[in-house]
Amino acid sequence: LNSFAGENVVAQITAAGKTKLIADAVRDVIYYGNQGSLWEAYAAIEKIAITPEMAPFLTETRKQEFKNKLLELISSM
């Protein structure tokens, strides 16, 4: 979660006016991730509907990469 946010800051998400859009889209992912409920976080990722306005901060590719990282974390536990 922290690397996703960090990458968006570096990509100037605030200057692009997309912070609220992306934060709202990933709200449940962050909530469940912070609670340690990784399968719920994974399910929340699945539910995110990517729109063209989200690019480059949230894309289908980034969504899949995040899902893969989360599965790696889950399998290492």
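Predicted model, so just to flag it, every value in this text is computed and none were measured.
Residues meeting the side chain to side chain contact (heavy atoms under 4.5 Å, CB included) test with Ile50, sequence neighbours left out: Ile48, Met54, Leu58, Glu60, Lys63. Thr14 pairs by the side chain to side chain donor-acceptor pair (under 3.5 Å) definition with Thr19, not counting sequence neighbours. The side chain to side chain donor-acceptor pair (under 3.5 Å) test applied to Lys20 returns Asp24, not counting sequence neighbours. Residues forming a side chain to side chain donor-acceptor pair (under 3.5 Å) with Ser37 (at least two apart in sequence, or on another chain): none.
The minimum heavy-atom distance linking Ala41 with Gly33 is given by the pair CB-N, 3.9 Å.
Between Arg27 and Tyr31 the shortest side-chain heavy-atom distance does not fall below 4.5 Å.
Expressed to the nearest 0.5 Å, how far CD of Gln12 lies from CZ of Phe57 amounts to 8.0 Å.
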Considering only distance and modelled atom types, tabulate donor-acceptor pairs under 3.5 Å from the side chains of residues 65-77, sequence neighbours left out.
from	atom 1	to	atom 2	distance (Å)
Lys67	NZ	Glu46	OE2	2.4
Asn68	OD1	Gln64	NE2	2.9
Asn68	ND2	Gln64	O	3.4
Ser75	OG	Leu71	O	3.2
Ser75	OG	Glu72	O	3.0
Ser76	OG	Leu73	O	2.8

